[in-house]
Structures are given as C-alpha cells and as structure tokens.
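Each remark here refers to the structure printed beneath this line.
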Amino acid sequence: MRSWASLEDFEAFLDEGGIVEPADDMPDEYRAEVFRFIEMHANSELMGGLTERDFIPRAPGMRRKLAVLAKTQDEIGHAHLLYMVAADLGIKTRDQMLEDLLAGRTKFHNVFHYKCETWADQVAIAYLVDAAALTTQQAVFKECSYGPYKRILRRIIAEEGFHMRQGEEMLLTLADGTAAQHSMFQQALERWWWPVMHFFGPPSKAHDKLLRWHIKSAGNEELRDRYVQKFVPLLKEYGFEIPDPELRHEGGRWLIGDIDWEPLLATQRNVGPDSARRIATARTAWEEAAWVRRALDAAAPRAGAAA
Amino acid sequence: MSTATRSELEARARAAAAAVEDPEFPRVTVEHLGMLQAVRVDEGAGEVEVDLLPTFLGCPALDVIAADVRAALTGLSGVRRVQVAFVSEPVWTPQRITPEGRRRLAAEFTVAVPGSLGAPPCPVCSSGAVEPRSPFGPTACRAIAYCPDCRNPVEVIRR
C-alpha cells in the first residue's frame, strides 16, 4: 500500500503518469470522484444492455439477432465488471448501487433516456451513440490514473471497435437501401443527433477534477469537436442531412449551432422523454431475474468450478 | 509446378492467414488462439483453402474472422480463389492457445487462459488463483473472476 503526505504529492504522482491501485491510501476526494464516474459508467452499460435486449426479437434476420444478442451480453458483462471495480472502492455495495439506479436516485447516460421507435434507432445507437461512447472512453483510457478501471477500459474499447464494425455495416444497409430505408435512418438521425451532441456534456470547467486527476484526458468540448469533424462528413457522404440549420464549414472545420442544454438537464434529473419507462423496465428485469440469482447463489460452490 | 514454388506459396498463404487478428483482441491472431487448423494450396489453380476452428459456436465474430482471412489471402499474388471454412474437428479448447497468445491476452487485456488444472494465475499480479465470480462475461467465451490479492476484476477464457 502506498500513501501520499499531501494532496499535492498525490497530484504530482498522477502528473508523472502514476497509476493508483485499490489498496493505495488515495485521497478521499479522489476515491469519491473515481467512484462517481465508474458508477455512472456501470449504470449506463446496464441501461444500454437493456436497450439492446429490447431489440433482440425485433432485429431483422438471424445475423442481426446474433449481433444484438452479443451486444446485450457485452454491455451487461461490462456493467458487471464495472460494478465490481466501483464496489471495491468501498463507498457503496453493488446492491446499493443497483437500488439507487432502480429507484431513479443516480444517473446514467442521457442517450438511454430516449425512446427507440424503429430499427433505425437501434442502428443509430450502434453507429452514432457507440462511436460517441468510444470517443470518450478512448480519451479516458489514454491517461486513466485508476488501474482497475484502465484495465477494463482496454477490453471495452477493443470490443466496442468490433461492435462499431457491425454498426457501420447495419448503417450502410440502410444508407444504400431503398428510399424507405434511407428515410428511416434520416428520421432516426433527427431524433439522435442532438442527444449525441449532449452526450459529451457541457463545456468542461477549467478546474474539472476529472481532468486534474487524470481520469479524463480531454475536455468535453474537445471530444465533441473531434466527433463532429469525423461524423458530419461521413453522414453527409452517405446522403444524410444533419438536423442543425446552423451547421457550417469554416476554415476547414465543421462548426455546429448553439446547443440547447435543457434536454440534457432533464435526463440528468431522470425526467427525460423515456426515463420513467426505462427505469421501470430495468426494475422489472431485476425483479423477474431474482430466482436466477437465488439459484446461482445456492449453486455457488459448483459455479466456481465451472469458470 | 515444382515442389519448391508450391511450398513457397503455401508458406506465404499460411503466414497471411496466421496474421489475421481477432476482431475483439487486436494483436492476438487466429494462430495465437489456435484457430488455424489447415491451409491447403493448389498452385496450378491458384486456390487456397483454409480450415478454421471456431472457439465458440454462435460466436458473432466468426463471420468477421472468415471475411478477414479471405481478404488477407485474396491480396496475395498467385491466389485466384480463396475458400474459408469452419470445421468442428478437432474441438477447440483453451489448451490450443499458444504461449505467445497467452502472454498477449494477459499482458494487454488482463485475460487469463486456464491451464489443464484449476483456476489460472492472476493476469495482473501473477498471484495464486483468481476467484470465479460469474460464468457469464461480456462474451460467450469469457467468464468473470476477481483477484483477491491485487483486487482487479479479470476475465478467464472458458473451456
């Protein structure tokens, strides 16, 4: 176990690229900040997995079903790993985190507070939302100072890369498809573009602790811009129209219009367009699977041998 | 057609197929994973046939792996036709993962490969055995475990 005499010493350690391990005597503020960040990530993976799950029976064709099935398992597996890391920080148990999430007391990513109307929404999530998540995760991984989280992010990023490939293939099917398919994605894009812009968060403050303590490596504004520069030209190339009348190309860069932050604030209070239904769905999934958890607990010694 | 040239093309084809990476584990190849079962070359016809062993049936990455192998071979000079097939004999087990594959999975992804006996050592701190936590990890082929020594959740390739 390592310890630091002062917060300044600890920050100097982080600035030199030091990696904090669970047994270290880290400053309480750092522990709290890392915990809050990972709990939110874990909640979002779980809520994202449930969104994917809704589309297993609705996915067109066997290959798409397999892909959605795999993504569901992927997100739930990530949630499981992240809740383990978060619980290990000793602030809340895994059950407390789940109770808080299912009671609507904690947050999850804004993109999981919206309704999915059609298959094209699922494609928008697989392509646009996942790419936004990957952009932020890569930026966290780059400098992440908390060891166990950094190790999980390494795997999450590799897996998201694979899912992005599947997402791109699904998008191309709609983009190169019939007029109805093309228009179905255009409509989904109109629903998802601004939530994706919100996803990166409001401009980071100069004294953002997540940046100071090397949990994030880039500010929200910078990451949003990175995303816009990459995805605006791609979407235009596929013949889609970005629902932003102020979008313009100046000095070789794409600039988006002013962002209305009200919808993001609503999702953060769990009163977004679909928040109540999403949380109720998660609660039902948790309650209906109680017998599985009891059965697994009862068989715990043998479950050990299976892994 | 001389034996020398045939084996030369065969060697190139084998190397190209072997270098194809797992879509979820960059830098870990199908050869590291023990998935490359056979490469057959018919030089006269410019035909290459590759047999791959699926790690897990129903793995959603199989199509992508087959497409990547096909693409890697199609670019070779002297190759006109490529056939990639998944075969079910012999049955794939984690024992087929090579020492280099194990090293990369542990060092880069903190994923452990079980040996023939019991739980594998922790891929983070190499201490004794990790504790199983869930047979269901983020993919069909991985379980979740926890190292009580370094307190890292890790993943273990399932048998």
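A, B, ... follow the sequence lines: proteins, then strands. Residue 1 opens every chain.
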Let's test your reading of the structure: which of A:His163, A:Glu21, A:Arg165, A:Arg63 forms the most heavy-atom pairs below 4.5 Å with chain B?
A:Arg165
Tell me which of these, A:Ala158, A:Pro22, A:Gly77, has more heavy-atom pairs under 4.5 Å with chain B than the rest.
A:Pro22
Can you see whether B:Phe109 has A:Arg155 sitting over its ring - NZ or CZ less than 6.0 Å from the centre and within 45° of the normal?
no
May I ask you to check if A:Arg64 and A:Trp119 form a cation-pi contact, with NZ or CZ under 6.0 angstrom from the six-membered ring centre and within 45° of the axis?
no
For chain A, find which of [options] contributes the most heavy-atom pairs closer than 4.5 angstrom.
options	result
B:Glu155, B:Arg142, B:Glu108	B:Glu155
B:Cys150, B:Pro138, B:Ala145	B:Pro138
B:Val154, B:Asp63, B:Asp22	B:Asp63

Under 4.5 Å heavy-atom distance to chain B, tell me which part of [X] shows up: side chain, backbone, both or neither.
X	answer
A:Ile152	side chain
A:Leu66	both
A:Glu160	neither

Please check if atom CE in A:Met62 has more than 12 non-hydrogen atoms from other residues, nucleotides or ligands closer than 6.0 Å.
no
Are any side-chain N or O atoms of B:Arg104 and backbone N or O atoms of B:Arg27, one a donor and one an acceptor, separated by less than 3.5 Å?
yes
Quick check: does any side chain N or O of A:Gln96 sit under 3.5 Å from a backbone N or O of A:Thr93, one acting as donor and the other as acceptor?
yes
Please look at B:Val124 and chain A and tell me whether the side chain, the backbone, both or neither of the residue comes under 4.5 angstrom of a heavy atom of that chain.
side chain
Check whether B:Glu131 gets within reach of chain A through its side chain, its backbone, both or neither, counting any heavy atom under 4.5 Å.
neither
Of A:Lys71, A:His78, A:Met164, A:Arg154, which is the lone residue that meets side-chain contact (heavy atoms from CB on, under 4.5 Å) with A:Glu159?
A:His78
Side-chain ion pair, A:Lys92 and A:Glu99, N-O less than 4.0 Å:
no
